[in-house]
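Presented below is the structure to which this report refers.
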Amino acid sequence: MTQMATKLVIITEKVLLPKVTKIIQAAGATGYTVMDAGGVGSRNTPSPGRPIVSDTYSNIKIEVITASEDVARTIAKQVADKYFDNFSGIIHIGRVEVLYAHSL
Amino acid sequence: MTQMATKLVIITEKVLLPKVTKIIQAAGATGYTVMDAGGVGSRNTPSPGRPIVSDTYSNIKIEVITASEDVARTIAKQVADKYFDNFSGIIHIGRVEVLYAHSL
Amino acid sequence: MTQMATKLVIITEKVLLPKVTKIIQAAGATGYTVMDAGGVGSRNTPSPGRPIVSDTYSNIKIEVITASEDVARTIAKQVADKYFDNFSGIIHIGRVEVLYAHSL
Amino acid sequence: MEILMEFGSRFVSQLQSPTLAFLLGGILIAALGSRLTIPDAIYKFIVFMLLLKVGLKGGMAIGEADIGAMLLPAFFAVVVGCLTVIIGRYTLALLPGIRTEDGIATAGLFGAVSGSTLAAGTVVLESEGISYEPWAVALYPFMDIPALVLAIVLASVYLKKKDGTGDKVAIWPIVKESLQGPALSALLLGIALGLFTNPDRVFDTFYEPLFRGLLSVLMLIMGIEAYARLNELRRVAHWFAVYAAVAPLMNGLIAFGLGYIAHVLTGFSPGGVVLLAIIAGSSSDISGPPTLRAGIPTANPSSYIGSSTSIGTPVAIAIGIPLYIGLAQLVFGA
Amino acid sequence: MEILMEFGSRFVSQLQSPTLAFLLGGILIAALGSRLTIPDAIYKFIVFMLLLKVGLKGGMAIGEADIGAMLLPAFFAVVVGCLTVIIGRYTLALLPGIRTEDGIATAGLFGAVSGSTLAAGTVVLESEGISYEPWAVALYPFMDIPALVLAIVLASVYLKKKDGTGDKVAIWPIVKESLQGPALSALLLGIALGLFTNPDRVFDTFYEPLFRGLLSVLMLIMGIEAYARLNELRRVAHWFAVYAAVAPLMNGLIAFGLGYIAHVLTGFSPGGVVLLAIIAGSSSDISGPPTLRAGIPTANPSSYIGSSTSIGTPVAIAIGIPLYIGLAQLVFGA
Amino acid sequence: MEILMEFGSRFVSQLQSPTLAFLLGGILIAALGSRLTIPDAIYKFIVFMLLLKVGLKGGMAIGEADIGAMLLPAFFAVVVGCLTVIIGRYTLALLPGIRTEDGIATAGLFGAVSGSTLAAGTVVLESEGISYEPWAVALYPFMDIPALVLAIVLASVYLKKKDGTGDKVAIWPIVKESLQGPALSALLLGIALGLFTNPDRVFDTFYEPLFRGLLSVLMLIMGIEAYARLNELRRVAHWFAVYAAVAPLMNGLIAFGLGYIAHVLTGFSPGGVVLLAIIAGSSSDISGPPTLRAGIPTANPSSYIGSSTSIGTPVAIAIGIPLYIGLAQLVFGA
Ligand SMILES: Nc1ncnc2c1ncn2[C@@H]1O[C@H](COP(=O)(O)O)[C@@H](O)[C@H]1O
Ligand SMILES: Nc1ncnc2c1ncn2[C@@H]1O[C@H](COP(=O)(O)O)[C@@H](O)[C@H]1O
Ligand SMILES: Nc1ncnc2c1ncn2[C@@H]1O[C@H](COP(=O)(O)O)[C@@H](O)[C@H]1O
Ligand code: NA
Ligand code: NA
Ligand code: NA
């Protein structure tokens, strides 16, 4: 079932996680993967509600593999339009070949 | 020593980590990198032995850079054949250019 | 503002994080993202100052998106020249399409 | 009648005991959508502290104990571990809509033992002033390991019969994996340290005084967890929920019966009988699930994790513990 | 004059109290570039332990309390929460170089309540032998939630007027989110457990004895944090720093005044008045910032987080607490 | 003869002391393949608690101490730090199959100081009722920093001679980095808080009572760690293992000798002499390795981390501590 697919990567503030995943699921993606990340960009909003001196990261990196590039671009557009005026973040896409997946 | 290589990405349940790395090493890959990840897919097996309300992720993302694409595909096939009937997971590959490595 | 860009990935020992990010910023990259990672390669230097039996990883994975491929290659060269004789690490690059970023 | 009323009043008073109150508190705040979480590092450390303390206490006392007296209870622990798995396996197989592998794994988990429930049991017994043989805590592995091994063997036999996929089971790796797991490691390490060294001072100043408090936090975690895992249970057949409500008490009562025989034959104390029942009534929450996940990969973890965490453990603690104590007072006299 | 001197000596002695000493120690070592950090898991667990303990203690005593006496202070808590936000909002709007959204968010954070400062306040009151109504800790949500809700509503009204972007604010989700946050959840859970169950033993052996020590570690974290967040403050208008130094004391004194009225009208105790002032003088460090970040996304978090953590909290603890105690001795007599 | 027997019996009794028993227990369970781990957050917090407590205790007592008496021991601490590195460097250079950089780094690590071993030493001394100058714990940085600095300088000199790659070493950054590391930061913060503030109450209710227990957990971690790092040692020349077994005792005895001189000259107490030897016999496990990794990047960390963690620390605690105490009884009389 190997199949070319789009890999969408969203790096943004942890507080947005529930909101972004809601957008992802509404857009019809079959899944996503989340990782903790730290980072420096041009906004660098401080993370609310947690000590910066703690040993945790305040960003998340979300990866979404989609069969349709349109779905990926729609998710990206919605996230950016809705949140990137006020929140830190960067979004990029690339192509991967999916070898095995329980659904795509 | 810059060199085109295959980047294999396996996202699956944490319990499988020792078994997957054994396959990776047996296949002759020169190394791998592991990261904690959370995620949602179509199976969503609950993680055994740890509170879901804890702040940790129950998936792992394993990246393997291989000079030979065959090695990558062999690893993917073995992992999927052996485990994906019963465990959550997704596998994809892509191309990267390795600029520096201690061995490849 | 969608734009093709270079994605540089550096996986190395955690102790080098401050030094590598200094190089990244000096080279003029607009940002970077850091994640905890564990791994096995050909050197496998033990991580100093932390129990290996602890549940933390001793590597980091740094991703830098740059508009100019030259900047990425310069960073890679400097990191490898300065540290890879004595420290573990691997560096690779690829292409991505940046859909949204606060600066690039 | 009077006995029933006494049992009722004991039960209500147990609900107010910290052990149970924190468990129910955890369920409650989870149900109300609280975002309160206890970090995983704290959870792991608490489990370690509790089991090490239980082990230390056992080990410090075993030295003076008559080891011969341990033989029959240990044998009965093995029997209970196996018997409860077998009963569970065939009971679940009879119920509609349950895949046999899922049933076997669930029976295995309910046959196995929970370190947290054991810790809670020792606190309640001490609060009630009921003494038990200090080595009784060491019965844990004698029941836990046979239950897990048997479940994996039964699953393999079943799969081989069904479609020839069941591999021959190597038993020693499962035993080893159980003993090397964090819960049993901590318990056995505690027993060894208590037996061969002089940890009295550190026990009296650290492990003992922190015990109740850490247990209260663990109960809170388990309550939150019980609610959170209800989702798993909703995905699987309703009969799992029924089994999960009944099995802890059934398993506990079987162990109570065998413990009573040991009482008659070798003078096993009433407190020891109750503790044996508590151990038997518990279902494994730490080491059991990963062992079963690896050993019976075709079983759906939602079935056994959901049943055990959401229903089995609350029932084992909230109903089981006061039940066996009440029964002991009935059987052995006040 | 004598009073001023007494206040001065009290202040110096406060500087040596562990609560304050650890706060200043944290600022100091952070300023000296120390890489000492307390892991996030420990920080979260300490906050949980402190607020649960404060809640348990309150809950255990509320049972015997006259709940009627709580009404006026609770009403005043709501008033203080709203009043301080309104005053802050319009004060900050008058200052040059401050975006109105940033000002509203900052006023909201200073109107809200810090669980850590509340915990520190109870320790200092107990050290000084000043008693207060045990239910006074339950005033926390009555002040905290209205302040956050009001700030978000004010921002929305402002944005709608300015450019029509402000959405209509749904109040209940904000209230719910506050109550479900880790700090308030732990406090309310503690109150419920204290009220309805018998946690005395676990309270006496665990939560109470560990309280001061854990608080000292938390103060250290907050000191390190205060220094580290100064960077945020440097990025925003200087007037935020000025507001952050004055607002805690102003808010505390307003609450002191209303508390005094409650003292006269319903016999609210001097200790209760001081605690009300301490609560009012604190600014939220755990649940407030994420709520505001989500509720007023256009506000720059550097402004309110920097002000509150770097200046607000140290001032609230180091100057506010001894100030209100001194004032109480002046007003209510030694 | 009698003395040897007494030393032998003391040694066996030490093996049963909690400090040592937990260390050996950790080695044992790791060797048996246990998957028991203590989370990293707990490990970091324990190290912080222990060193803060050691510092607080020292600081609280320094106030009353005669600081003049500290001068000679402090000077000797510097001497020991440098001397042990020099001896180690040239000893290791003579041994076959050892790269000089690896030898220098290893000598540096064994010259430096372990906070955990220091904490263990204070517990054993207190258990044995041997008193020492409270400021003696403050000798730690006087030995630790010179050892690390000297090792880095020696490596740079060597590399410059060999192939011109050694850079000129800036000493101040190394000193600063050491002082800012988590272990020394916590110790010095504790000393400052003990000296300038009144932490008695929080010390008595929190830091002091938890000390032994937390130390027992740390010893367990270090035991597990010692076994786990044996892999590193297997990759490097066998002579590292030999050096690691001998150097702690040699370094401790050198310090004992100099401490004895201080005893004769300025009345440095027998307990202080033992503590100086314990400090000298320890090898750094927290701050030393990263400093050396950065300062001597060409050295193979497997050599020095393996030697120190797997063999050096167990020897320093299990053999060194009872050895110096026995020697003190011999030298200074019972
Ligand atoms: N050029 C970049 N390369 C990699 N990650 C970036 C880059 N720019 C921004 N990021 C990530 O995106 C987050 C938000 O960026 P920003 O919105 O620019 O503050 C940062 O914290 C980084 O984690
Ligand atoms: N479409 C997807 N995009 C990104 N990650 C995915 C996707 N589908 C599955 N995953 C990851 O793979 C894990 C297992 O997926 P599944 O086997 O479908 O339950 C999920 O928990 C995700 O971490
Ligand atoms: N072939 C590979 N694929 C993926 N990650 C690798 C590979 N080789 C090395 N790495 C990563 O780079 C780190 C250092 O590698 P090395 O310098 O070879 O020891 C390892 O710990 C891995 O995290
Ligand atoms: Na059971
Ligand atoms: Na306030
Ligand atoms: Na040393």
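Just so we're clear, the structure is a prediction, and the values are computed from it rather than from any experiment. Numbered from 1 within each chain, the chains take letters A, B, ... in sequence-line order. Note: hydrogens, waters and symmetry copies are ignored here, and every other heavy atom, side chains too, is used.
Among L8(A), I91(A), V79(A), the residue with the largest count of heavy-atom pairs under 4.5 Å with chain C is I91(A). Contact count against chain A (heavy-atom pairs under 4.5 Å) is highest for E63(C) among R95(C), E63(C), Q25(C). The candidate with the highest count of non-hydrogen atom pairs below 4.5 Å against chain C, out of A80(A), G94(A), G38(A), is G38(A). Interface check for chain C: of the options A76(A), G41(A), G39(A), the most heavy-atom pairs under 4.5 Å are formed by A76(A). The choice from I60(C), I62(C), I24(C), V34(C) that makes the most heavy-atom pairs within less than 4.5 Å of chain A is V34(C).
The shortest side-chain heavy-atom distance between V9(A) and K7(C) does not fall under the 4.5 Å cut-off.
G89(A) and H102(C) make their closest contact through O-ND1, 3.4 Å (heavy atoms, listed as atom of the first residue, atom of the second, distance). In this structure, D36(A) and M35(C) approach most closely via the heavy-atom pair O-CG, 3.0 Å.
For a residue to count as touching a neighbouring chain, one of its non-hydrogen atoms must lie under 4.5 Å from one of that chain's; by this rule T30(C) touches chain A with the backbone only. The parts of K77(A) that come within reach of chain C are both its backbone and its side chain, each placing non-hydrogen atoms under 4.5 angstrom from that chain. For I11(A), the part lying under 4.5 angstrom from a heavy atom of chain C is the side chain only.
Note: Y100(C) and F84(A) have perpendicular aromatic rings, judged against thresholds of 30 and 60 degrees for the angle between ring planes.
Within the model, atoms CD1 of I65(C) and NE2 of H92(A) stand 3.5 Å from one another, a figure rounded to the nearest 0.5 Å.
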